[in-house]
**Student:** 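Would you mind keeping the following structure in view while I ask a few things?
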Amino acid sequence: MNELQQDELAELKEFESKKEAFKVTDESSADWVLRKLTALNAEEEANNKLAQQNIDRIEEWRDHKNQSTQQSREYFENLLTAYFNEQRYLDPKFKIDTPNGKVTARKIQPKWNYNDEALVQSLKAADANELIRIKEEPDKKALKKTAHITESGEVITDDGIKLAGVHVDPISYKTVIKLN
């Protein structure tokens with residue numbers, strides 16, 4: 001934030017303390033408001049930058065601290081897993097259940113990995129078309145080019161058929177404020 005923007009903010013704080021009602025009446029007063037908005041944006045950006053620096057520093061500290069605990073956790077989990085696997089080899093129903101925790105085994109379902117293109121080609125080659133799904137969807141580009149829109153937003157085809165499942169909202173405007 002530069003000195004000019006700091007002056008704008010000081011003037012803004014002074015203005016806000018007076019609790020005067022302000023109204024934009026000409027380009028000069030509009031420019032005054034735009035300068036205040038620019039200064040406020042700069043102050044907000046400076047605040048965000050400072051906050052992000054602190055967040056980055058704290059996250060770095062946390063990651064450093066958690067790295068050593070993660071290494072210890074992995075060491076102890078490996079010890080427990082090795083013992084558990086030895087005992088499961090001897091007794092497939094073996095479990096550990098203590099006041100401080102449980103160790104059990106859980107089946108993992110097989111995971112299917114697909115390459116859709118290769119699978120579709122393979123199914124076509126095997127004449128297994130019943131295992132291929134065909135997806136239908138409207139051609140929205142072609143619809144926009146050929147359809148007509150009524151004043152109420154309904155979409156009509158060239159043949160005069162009103163289409164369900166589509167509605168067009170009328171053009172509207174929004175105020176855009178760009179600061180330099």
Side-chain angles (χ1 to χ4, degrees), residues 1-67 70 108-126 128-180:
M1 181 173 2
N2 62 36
E3 284 185 45
L4 212 55
Q5 291 170 331
Q6 290 174 345
D7 290 344
E8 294 292 347
L9 289 174
E11 185 181 336
L12 180 63
K13 286 183 175 125
E14 183 181 316
F15 174 78
E16 287 176 343
S17 68
K18 293 179 183 176
K19 302 285 185 213
E20 293 178 20
F22 184 80
K23 185 175 182 178
V24 176
T25 57
D26 55 12
E27 279 195 30
S28 176
S29 59
D31 186 53
W32 183 85
V33 170
L34 288 169
R35 286 195 324 265
K36 300 307 176 232
L37 287 171
T38 302
L40 289 169
N41 285 351
E43 182 179 36
E44 190 174 282
E45 190 175 308
N47 292 341
N48 290 340
K49 186 177 179 182
L50 179 63
Q52 190 59 50
Q53 288 172 346
N54 282 307
I55 289 168
D56 292 343
R57 184 179 51 82
I58 291 169
E59 285 178 347
E60 187 178 314
W61 170 85
R62 179 200 62 208
D63 293 345
H64 175 72
K65 288 294 191 181
N66 287 348
Q67 184 178 12
Q70 182 62 28
I108 297 174
Q109 295 299 318
K111 184 174 186 258
W112 292 51
N113 299 302
Y114 297 100
N115 177 336
D116 289 348
E117 279 185 34
L119 180 57
V120 167
Q121 294 303 320
S122 179
L123 289 169
K124 284 180 180 179
N129 293 330
E130 71 277 2
L131 297 176
I132 300 173
R133 181 175 59 201
I134 298 173
K135 184 178 177 183
E136 291 184 1
E137 58 185 29
D139 185 350
K140 294 175 184 174
K141 275 188 175 178
L143 180 64
K144 285 180 181 180
K145 288 179 184 176
T146 61
H148 304 285
I149 304 164
T150 65
E151 286 184 25
S152 61
E154 296 173 332
V155 178
I156 309 291
T157 65
D158 285 338
D159 301 335
I161 300 170
K162 178 183 165 190
L163 297 176
V166 63
H167 183 270
V168 179
D169 293 330
I171 292 176
S172 63
Y173 295 94
K174 90 174 192 182
T175 303
V176 178
I177 300 173
K178 290 185 180 180
L179 303 174
N180 296 332

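Along the sequence shown, residues carry numbers from 1.
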**Student:** Quick one: salt bridge (Lys or Arg N to Asp or Glu O under 4.0 Å) partners of Lys49, sequence neighbours excluded?
**Tutor:**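 Checked Lys49 against salt bridge (Lys or Arg N to Asp or Glu O under 4.0 Å); zero matches.
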
**Student:** Run the side-chain hydrogen bond (donor to acceptor under 3.5 Å, both in side chains) test against Asp26 and tell me which residues pass, sequence neighbours left out.
**Tutor:**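 Scan of Asp26 (side-chain hydrogen bond (donor to acceptor under 3.5 Å, both in side chains), adjacent residues dropped) gives Ser29.
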
**Student:** Name all residues meeting the side-chain hydrogen bond (donor to acceptor under 3.5 Å, both in side chains) criterion together with Glu154; count only those two or more places apart in sequence or in a different chain, and write none if there are none.
**Tutor:**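 Applying side-chain hydrogen bond (donor to acceptor under 3.5 Å, both in side chains) to Glu154 gives Lys162.
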
**Student:** Side-chain contact, heavy-atom cut-off 4.5 Å: Gln53 with Leu50?
**Tutor:**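 In short, these two side chains touch, coming nearer than 4.5 Å.
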
**Student:** Within the supplied structure, the quantity of interest is the number of heavy atoms (other residues, nucleotides, ligands) at a distance under 6.0 Å from Glu45 CD; does it exceed 12?
**Tutor:**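 Open: at most 12 neighbouring heavy atoms sit under 6.0 Å from CD of Glu45.
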
**Student:** Could you tell me the separation between the CD atom of Gln121 and the CG atom of Asn115, rounded to the nearest 0.5 Å?
**Tutor:**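 The distance works out to 10.0 Å.
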
**Student:** Where the side chain of Ser122 meets the backbone of Ala118, is there a donor-acceptor pair that is under 3.5 Å apart?
**Tutor:**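 No; zero donor-acceptor contacts below 3.5 Å.
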
**Student:** Quick check on His64: does its NE2 atom have over 12 non-hydrogen neighbours (other residues, nucleotides or ligands) under 6.0 Å away?
**Tutor:**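 Atom NE2 in His64 is not packed in, count stays at 12 or less.
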
**Student:** Restricting to pairs with a member in residues 109-121, which pass salt bridge (Lys or Arg N to Asp or Glu O under 4.0 Å), not counting sequence neighbours?
**Tutor:**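 Sorted pair list comes back empty.
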
**Student:** Could you give the distance from CG (Asp139) to NZ (Lys144), rounded to the nearest 0.5 Å?
**Tutor:**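 Atom-to-atom, Asp139:CG and Lys144:NZ are 11.0 Å apart.
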
**Student:** Please report the interatomic distance CG(Asn66) to CD(Glu59), rounded to the nearest 0.5 Å.
**Tutor:**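 Interatomic distance, Asn66 CG to Glu59 CD, rounded to 0.5 Å: 11.5 Å.
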
**Student:** Set out, in order, the CA-CA distance, both residues' side-chain angles and the distance that settles side chain to side chain contact (heavy atoms under 4.5 Å, CB included) for Asn47 and Glu43, then state yes or no.
**Tutor:** CA-CA 6 Å; Asn47 292 341; Glu43 182 179 36; 4.0 Å; yes

**Student:** Under the side chain to side chain contact (heavy atoms under 4.5 Å, CB included) test, which residues partner Lys124, sequence neighbours left out?
**Tutor:**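 If we apply the side chain to side chain contact (heavy atoms under 4.5 Å, CB included) test to Lys124, skipping adjacent residues, the hits are Val120, Asn129, Ile132.
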
**Student:** Counting heavy atoms not belonging to Glu130, are there more than 12 under 6.0 Å from its CD?
**Tutor:**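 It does: Glu130 CD has more than 12 such atoms within range.
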
**Student:** Rounded to the nearest 0.5 Å, what's the gap from CG on Leu163 to CD1 on Ile156? Could you check?
**Tutor:**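 Reported to 0.5 Å precision, the distance equals 7.0 Å.
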
**Student:** Once you round to the nearest 0.5 Å, how far does CZ of Arg133 lie from CG of Leu123?
**Tutor:**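 Here the interatomic distance stands at 12.5 Å.
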
**Student:** Applying side-chain hydrogen bond (donor to acceptor under 3.5 Å, both in side chains), can you list everything that pairs with Gln52, at least two apart in sequence or on another chain?
**Tutor:**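 With sequence neighbours excluded, Gln52 shows a side-chain hydrogen bond (donor to acceptor under 3.5 Å, both in side chains) to Asp56, given in chain and number order.
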
